[in-house]
Amino acid sequence: SNKEVKITYERIPLPKTYKPAQPPMAPKIVTDGTLRDIVKRYAQYYALPEPLVYAVIRAESNFEPNAVSPAGARGLMQLMPSTAKSLGAKDAFNPEENVMAGTRYLKQKLDEFDGNLALALAAYNAGSGAVRKYGGIPPYQETQAYVNKVIKSIDYMA
C-alpha cells in the first residue's frame with residue numbers, strides 16, 4: 001500500500017495585468033517537516049537544544065500555530081504582540097516568524113540568567129521582573145507548573 005500517487009497541478013493562467021498585492025503568506029499549517037526545519041534552523045542559530053524548543057512549543061501552544069491565550073499571547077511560542085514586534089516578528093501566527101522570535105527571546109532569557117534553564121523558563125513565562133523580584137521562580141502556580149512541564153517535556157522530547 002506504499003504506492004506513490006502523482007498529483008499534477010494545472011497552471012491557471014492569470015491575466016497579464018495581474019500583480020499579487022504582496023508575497024503570498026506562508027500557510028499557517030504546520031506540517032511536521034516544515035516545523036522540524038524551522039526549529040532546527042533557529043535552535044542552531046541561537047545555540048539552543050532542539051528538544052528545549054519543542055518542549056516550550058508544546059507547553060505554550062501544543063503545536064497550534066493559531067493559538068491565542070487569554071492574555072493575548074499568540075502562536076506556537078505564545079508571544080505577546082509587543083514582544084513579537086520587538087523581536088522582529090510582524091506576524092506572530094506565522095510559524096517561521098514565531099519560532100524565530102520565540103527562540104531569540106528564549107536565548108535572551110538564558111543569557112540574562114546565566115544559562116540557568118529554570119530561571120530562564122520562569123522569565124519566559126512570567127517576565128524577567130518577576131524572577132528578579134522573587135530572586136528565583138516566582139510563587140505563581142502557573143509559572144511553577146510551566147517550568148516543571150517544560151523541563152519534564154525536554155527529557156520526553158530528547
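Closest non-hydrogen pair, Tyr54 versus Leu35, comes out as OH-O, 4.3 Å. Of all heavy-atom pairs between Leu52 and Leu48, the closest is CD2-CD2, 4.5 Å. Smallest separation of non-hydrogen atoms from Tyr105 and Ala123: OH-O, 4.5 Å. Ser61 and Leu76 get closest at one heavy-atom pair: OG-O, 2.7 Å.
With a 6.0 Å radius and a threshold of 12 heavy atoms from other residues, nucleotides or ligands, Lys149 has its NZ atom at or below the threshold. When the shell of 6.0 Å around OH of Tyr45 is examined, it contains 12 or fewer heavy atoms from other residues, nucleotides or ligands.
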task: Please report the C-alpha distance between Gln108 and Tyr46 in whole Å, then the side-chain angles of each, then the deciding distance to 0.1 Å, and finally whether the side chain to side chain contact (heavy atoms under 4.5 Å, CB included) criterion is met.
output: CA-CA 9 Å; Gln108 286 175 2; Tyr46 291 113; over 6 Å; no
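Between Val150 and Leu117 the shortest side-chain heavy-atom distance does not fall below 4.5 Å. Using a 4.5 Å heavy-atom threshold, the side chains of Asn98 and Phe93 count as separate. Val53 is not listed as a side-chain neighbour of Tyr42, based on a closest heavy-atom distance of 4.5 Å or more.
Residue Glu64 holds its CD atom at 12.5 Å from CD1 of Ile57, rounded to the nearest 0.5 Å. Within the model, atoms NZ of Lys107 and CG of Leu87 stand 14.5 Å from one another, a figure rounded to the nearest 0.5 Å. The distance from atom CG of Asn148 to atom CG of Leu121, rounded to the nearest 0.5 Å, is 10.0 Å. Thr83 OG1 to Arg74 CZ: the interatomic distance, rounded to the nearest 0.5 Å, is 11.0 Å.
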Only pairs under 3.5 Å count here: list side-chain donor-acceptor contacts from residues 124-138, not counting sequence neighbours, and write none if there are none.
{"residue": "Tyr124", "atom": "OH", "partner": "Met77", "partner atom": "O", "Å": "2.7"}
{"residue": "Asn125", "atom": "OD1", "partner": "Thr143", "partner atom": "OG1", "Å": "2.7"}
{"residue": "Asn125", "atom": "ND2", "partner": "Glu142", "partner atom": "OE2", "Å": "3.2"}
{"residue": "Ser128", "atom": "OG", "partner": "Lys109", "partner atom": "NZ", "Å": "2.7"}
{"residue": "Ser128", "atom": "OG", "partner": "Glu112", "partner atom": "OE1", "Å": "3.0"}
{"residue": "Ser128", "atom": "OG", "partner": "Glu112", "partner atom": "OE2", "Å": "3.0"}
{"residue": "Arg132", "atom": "NH2", "partner": "Glu112", "partner atom": "OE2", "Å": "3.2"}

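The only member of Ile154, Val56, Val39 that meets side-chain contact (heavy atoms from CB on, under 4.5 Å) when paired with Pro51 is Ile154.
Sorted by first and then second residue, the salt bridge (charged side-chain N to carboxylate O under 4.0 Å, His left out) pairs involving residues 113-122 (not counting sequence neighbours) form an empty list.
Glu97 places a side-chain N or O within donor-acceptor distance of the main-chain N or O of Lys90, the cut-off being under 3.5 Å. A donor-acceptor pair is defined here as one N or O able to donate and one able to accept, closer than 3.5 Å; such a pair exists between the side chain of Gln78 and the backbone of Gly75. For the pair Arg58 (side chain) and Ser153 (backbone), a donor-acceptor distance under 3.5 Å is absent.
One hydrophobic cluster holds both Leu106 and Phe63 under the rule that ILVMFWY side chains link at heavy-atom gaps under 4.5 Å.
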